[in-house]
Structure formats: C-alpha cells, structure tokens
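What follows is one structure encoded as structure tokens, with my remarks underneath.
Bear in mind that the values here come from a model prediction, so they are computed numbers and not experimental data.
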Amino acid sequence: MRTPPESFLIFKAELKKAQLEKERLRKAYEEKLADMNRELSRLKEQIEAQQELMRTTIDYAIKLEEDLGNFKEEVENEKKQRKSSFH
C-alpha cells in the first residue's frame, strides 16, 4: 500500500484543525446565546414586575382621586345643609 502524498496529509491535518475550530466556535456561540437568553429572561421578569407596580400605583392613584372627589362632594353638601338649616 502506498503512503499518501505529503500535501494530502497536510490538507487532512488542516481540515481537522478547521473542524475543531468550527466546533469550538459553535460551542462558544451557543454558550453566548444561552447567556443572552438568560439575561433577556431576567430583564423580561424585571419589566413585568415594574409594569405590575405601575398598574398598582395607577389604580391606587385613581382610587385616591375618586375618594377625594367624593370627599369634596360631602364637604359641599355639608356646607349647603348648614346654610339651609340656619335660614
């Protein structure tokens, strides 16, 4: 059996190096992608929590505004009742 030419052996070695480098890059890419997905997930959770806090704050502000309106009405009605009872 003949030995393959030296250029073929060099090519084969270079091909093997390229395949190993390709695999290393693929693993690095997948790892970085997984890290980014974890970070995006964490950010999404934070945004959802902040949105919920904003909703709660707005609901509370609306309730306070309604309570203030009702209180003003009660004060006005009380003033009218006092004026009418003195006359």
Side-chain angles (χ1 to χ4, degrees):
M1 185 169 186
R2 279 185 18 198
T3 58
E6 187 177 332
S7 60
F8 175 77
L9 295 175
I10 292 172
F11 174 77
K12 190 174 176 181
E14 290 298 318
L15 181 61
K16 182 67 174 173
K17 284 181 192 176
Q19 289 172 337
L20 290 173
E21 179 65 12
K22 179 181 171 184
E23 183 62 22
R24 184 191 68 78
L25 289 172
R26 184 187 64 76
K27 286 180 182 178
Y29 170 79
E30 287 176 355
E31 198 173 299
K32 186 160 186 126
L33 188 60
D35 288 344
M36 290 178 73
N37 283 334
R38 280 190 293 274
E39 182 69 16
L40 283 173
S41 178
R42 188 178 69 81
L43 290 173
K44 182 180 176 185
E45 287 177 13
Q46 287 180 341
I47 289 170
E48 288 172 355
Q50 288 174 355
Q51 285 176 336
E52 184 59 33
L53 181 61
M54 288 172 59
R55 273 189 222 101
T56 303
T57 302
I58 289 170
D59 290 345
Y60 183 66
I62 289 169
K63 183 185 178 310
L64 286 177
E65 191 174 26
E66 290 170 355
D67 290 348
L68 182 60
N70 292 338
F71 181 70
K72 284 181 181 180
E73 285 179 24
E74 287 178 26
V75 169
E76 289 298 318
N77 290 338
E78 188 67 29
K79 284 181 183 179
K80 289 177 185 176
Q81 286 178 357
R82 284 186 188 169
K83 285 182 182 178
S84 64
S85 66
F86 287 120
H87 294 283

statement: Residues passing the side-chain contact (heavy atoms from CB on, under 4.5 Å) test with Glu6, sequence neighbours excluded, are Ile10

- prompt: Quick one: side chain to side chain donor-acceptor pair (under 3.5 Å) partners of Glu30, sequence neighbours excluded?
  reply: Arg26

message: So, using salt bridge (charged side-chain N to carboxylate O under 4.0 Å, His left out) as the criterion, who are the partners of Glu78 when residues are at least two apart?
response: Arg82

Under the side chain to side chain donor-acceptor pair (under 3.5 Å) test, residues paired with Glu31 that sit two or more places apart: none

message: Which Ile, Leu, Val, Met, Phe, Trp or Tyr residues join Met36 in one cluster when any pair of side-chain heavy atoms under 4.5 Å counts as a link?
response: none

- prompt: Who are the salt bridge (charged side-chain N to carboxylate O under 4.0 Å, His left out) partners of Lys72, not counting sequence neighbours?
  reply: none

- prompt: Mind checking what makes side-chain contact (heavy atoms from CB on, under 4.5 Å) contact with Leu15, not counting sequence neighbours?
  reply: Phe11, Gln19

Which residues share a salt bridge (charged side-chain N to carboxylate O under 4.0 Å, His left out) with Glu76, sequence neighbours left out: none

Side-chain cluster (under 4.5 Å, hydrophobic types only) that Phe71 belongs to, other residues: Val75

Return a table of donor-acceptor pairs under 3.5 angstrom between the side chains of residues 37-50 and protein atoms on other chains or two or more places apart.
from, atom 1, to, atom 2, distance (Å)
Asn37, ND2, Leu33, O, 3.4
Arg38, NH2, Asp35, OD1, 2.1
Glu39, OE2, Arg42, NH2, 2.7

Taking distance alone, no hydrogens or angles, what donor-acceptor pairs closer than 3.5 Å link side-chain atoms of residues 51-66 to residues at least two apart or in another chain?
from, atom 1, to, atom 2, distance (Å)
Glu52, OE1, Arg55, NH1, 2.8
Thr56, OG1, Glu52, O, 2.9
Thr57, OG1, Leu53, O, 2.8
Lys63, NZ, Asp67, OD2, 2.9

